[in-house]
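All heavy atoms count here, side chains included; hydrogens, waters and symmetry mates do not.
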Amino acid sequence: MSDLAIVEPAAYLNNAAEGWPRAPGVSQAVRQALEDWRHAAGRSAGEEEDPIEQVRRTLADWLGVSDPARIVFAGSATLALNLAILGLPPERFRRVLTTVTEHNSVLRPLLDAVTRCQGQIQLVDLDPSGVLDREAFERALEQKPTLVALNHVSNVTGQINPIEPLLEAARSAGAVTLLDASQSVGYLSLRPEQWPLDLMAFGGQKGLHGPPGVGVLYVSPRIELQPLYSGGSGVHSELLRQPPQMPLRLEAGTANTPALLGLQAAVRWQAGQAESFRARAAETAERLRQGLEQIPGVRIFSPPGPRVGVISFCLPGWESAEAAWVLRRSFGVVCRAGLHCAPLMHKALGSFPGGTIRFSISGFTRPEEVEAALDAVRRMAR
């Protein structure tokens with residue numbers, strides 16, 4: 001089978017894993033950073049300004065964060081979430097509330113911390129319609145959780161959780177609040193200082209269409225995290241411990257300057273194109289969903305209601321992994337299949353253990369890509 005020729009890509013529908021194409025200016029920014037010695041952040045004498053601090057200000061302005069020092073850079077969204085969770089004091093893991101919609105990048109560090117601190121974790125399930133059970137969430141808050149971790153958008157179904165009222169209720173219950181914005185960034189407006197939010201993380205390579213290898217963590221002024229690692233910081237080298245001030249206390253080692261400057265280019269493009277980009281994505285996603293609904297036998301797992309352009313489905317007679325392989329090899333449709341690092345969500349949806357086929361679009365997805373994917377699914381369903 002490995003000797004068969006692979007059909008050239010006709011449709012890229014894997015944006016929930018990695019946004020493609022990159023936003024205009026991203027590749028050029030990365031290349032320039034690799035070719036220009038002046039981008040050695042904080043490691044050259046007499047330089048005009050650390051380029052990483054310029055990127056930090058760009059992110060703070062875009063997110064509406066008044067103090068850029070509250071923006072922390074990490075190597076990925078996963079690392080940013082680990083900084084957020086594992087940097088909290090042990091008492092915050094006494095009673096943790098989270099949901100079945102979470103990605104393993106939240107679930108695994110949470111379970112590690114809760115086990116180590118001998119705490120408890122409670123999961124909020126889906127309601128019969130397939131969306132997060134608001135009533136169960138509110139009942140769980142009566143137990144006064146010490147930490148609440150929420151997914152903004154499911155990477156399996158595209159479902160948008162109503163985070164503002166949920167965060168408000170969690171804050172009122174006395175919990176520290178954490179938002180995983182990995183799937184919402186670039187598709188929904190993020191305003192961490194306007195929300196009852198303590199911690200928020202996302203990566204650069206999905207909805208922002210920036211480069212991989214960079215994650216962003218917002219830390220509110222009411223939270224102090226302990227560093228997970230320490231080392232060179234470029235400044236305050238006289239200290240034998242990691243500098244205590246933000247963001248240095250959570251950043252050590254040489255930054256991935258090319259990726260960060262690529263992220264800055266992506267954010268600047270997004271800031272000028274957000275409204276039209278999101279409108280195109282919403283229109284394309286609706287066309288794709290309607291087309292799939294009209295194919296006999298296709299079972300769609302994405303519930304009705306507010307969502308971004310992520311659609312999970314199964315085909316009768318096909319294992320999801322096999323179907324995705326055929327879609328790519330025979331039809332040139334790039335997608336993803338399996339559990340998508342969200343096993344609890346698939347158990348709640350009834351798609352465990354085989355998972356689903358996942359199509360995920362963006363504002364760059366062209367109508368002809370949607371038609372190519374729908375035609376492939378029709379032929380496979382027959």
Assess the residue pair Arg56 and Glu53 against the criterion (salt bridge (Lys or Arg N to Asp or Glu O under 4.0 Å)); give the C-alpha distance rounded to whole Å, side-chain angles, the decisive distance to 0.1 Å, and a yes or no.
CA-CA 5 Å; Arg56 205 183 309 276; Glu53 295 313 309; 3.0 Å; yes
With distance as the sole test, does [X] use its side chain to make a donor-acceptor pair with the main-chain N or O of [Y] at under 3.5 Å?
{"X": "His152", "Y": "Ser182", "value": "no"}
{"X": "Ser360", "Y": "Asn15", "value": "yes"}
{"X": "Gln205", "Y": "Gly213", "value": "no"}
{"X": "His346", "Y": "Leu339", "value": "yes"}
{"X": "Asn155", "Y": "His340", "value": "yes"}
{"X": "Lys206", "Y": "Gly19", "value": "no"}
{"X": "Asp375", "Y": "Glu371", "value": "no"}
{"X": "Thr177", "Y": "Pro196", "value": "yes"}
{"X": "Ser302", "Y": "Ser312", "value": "yes"}
{"X": "Arg249", "Y": "Pro244", "value": "yes"}

Would a single hydrophobic cluster contain both [Y] and [X], if residues Ile, Leu, Val, Met, Phe, Trp and Tyr are joined by side-chain heavy-atom contacts under 4.5 Å?
{"X": "Leu179", "Y": "Leu81", "result": "no"}
{"X": "Leu83", "Y": "Leu111", "result": "yes"}
{"X": "Val114", "Y": "Leu88", "result": "yes"}
{"X": "Leu208", "Y": "Ile71", "result": "yes"}
{"X": "Ile311", "Y": "Ile357", "result": "yes"}

If we only count heavy atoms from C-beta on, is the [X] to [Y] side-chain gap below 4.5 Å?
{"X": "Phe93", "Y": "Thr146", "answer": "no"}
{"X": "Thr284", "Y": "Glu369", "answer": "no"}
{"X": "Arg116", "Y": "Leu86", "answer": "yes"}
{"X": "Pro51", "Y": "Gln264", "answer": "no"}
{"X": "Gln159", "Y": "Leu132", "answer": "yes"}
{"X": "Trp20", "Y": "Asn14", "answer": "no"}
{"X": "Ser320", "Y": "Cys314", "answer": "yes"}
{"X": "Val333", "Y": "Phe359", "answer": "yes"}

Walk me through it: do Asp125 and Asp133 pass the test side chain to side chain contact (heavy atoms under 4.5 Å, CB included)?
CA-CA 6 Å; Asp125 211 330; Asp133 192 330; 5.5 Å; no
Heavy-atom count around [X] [atom1] within 6.0 Å, excluding the residue itself: above 12?
{"X": "Arg108", "atom1": "CZ", "answer": "no"}
{"X": "Trp195", "atom1": "CH2", "answer": "yes"}
{"X": "Glu319", "atom1": "CD", "answer": "no"}
{"X": "Gln118", "atom1": "CD", "answer": "no"}
{"X": "Glu275", "atom1": "CD", "answer": "no"}
{"X": "Glu368", "atom1": "CD", "answer": "yes"}

To which residues is Val308 joined in a hydrophobic cluster, defined by side-chain heavy-atom contacts under 4.5 Å among Ile, Leu, Val, Met, Phe, Trp and Tyr, whether direct or through other members?
Val153, Ile160, Tyr187, Leu188, Trp269, Phe277, Val310, Phe364
For [X] versus [Y], what's the shortest heavy-atom pair and its separation?
{"X": "Ser184", "Y": "Leu190", "result": "OG-CD2, 3.8 Å"}
{"X": "Pro162", "Y": "Leu166", "result": "O-CG, 3.2 Å"}
{"X": "Leu374", "Y": "Gly291", "result": "CD2-C, 3.6 Å"}
{"X": "Ile361", "Y": "Ala281", "result": "CD1-O, 3.1 Å"}
{"X": "Ala33", "Y": "Leu261", "result": "CB-CD1, 3.6 Å"}
{"X": "Pro296", "Y": "Ala381", "result": "O-CB, 4.0 Å"}

Evaluate the criterion side chain to side chain contact (heavy atoms under 4.5 Å, CB included) for residue pair Leu59 and Tyr218; output intermediate values, then yes/no.
CA-CA 10 Å; Leu59 266 292; Tyr218 163 77; over 6 Å; no
Pair Glu168 + Arg171, salt bridge at N-O below 4.0 Å:
no
Quick one: pull up [atom1] in [X] and [atom2] in [Y] and give me the separation to the nearest 0.5 Å.
{"X": "Leu315", "Y": "Thr356", "atom1": "CG", "atom2": "OG1", "value": "11.0 Å"}
{"X": "Gln183", "Y": "Thr101", "atom1": "CD", "atom2": "OG1", "value": "11.5 Å"}
{"X": "Asn151", "Y": "Ile163", "atom1": "CG", "atom2": "CD1", "value": "11.0 Å"}
{"X": "Met200", "Y": "Ser220", "atom1": "CE", "atom2": "OG", "value": "11.5 Å"}
{"X": "Arg358", "Y": "Thr157", "atom1": "CZ", "atom2": "OG1", "value": "10.5 Å"}
{"X": "Asp61", "Y": "Arg57", "atom1": "CG", "atom2": "CZ", "value": "8.0 Å"}

Given side chain to side chain contact (heavy atoms under 4.5 Å, CB included), test Leu199 with Val219 step by step and report yes or no.
CA-CA 5 Å; Leu199 299 159; Val219 183; 4.0 Å; yes
Criterion salt bridge (Lys or Arg N to Asp or Glu O under 4.0 Å) on Arg307 and Glu286, from CA distance to verdict:
CA-CA 10 Å; Arg307 59 185 181 270; Glu286 188 59 28; 3.2 Å; yes
Stepwise side chain to side chain contact (heavy atoms under 4.5 Å, CB included) check, Phe313 with Glu293
CA-CA 10 Å; Phe313 65 98; Glu293 288 174 340; over 6 Å; no
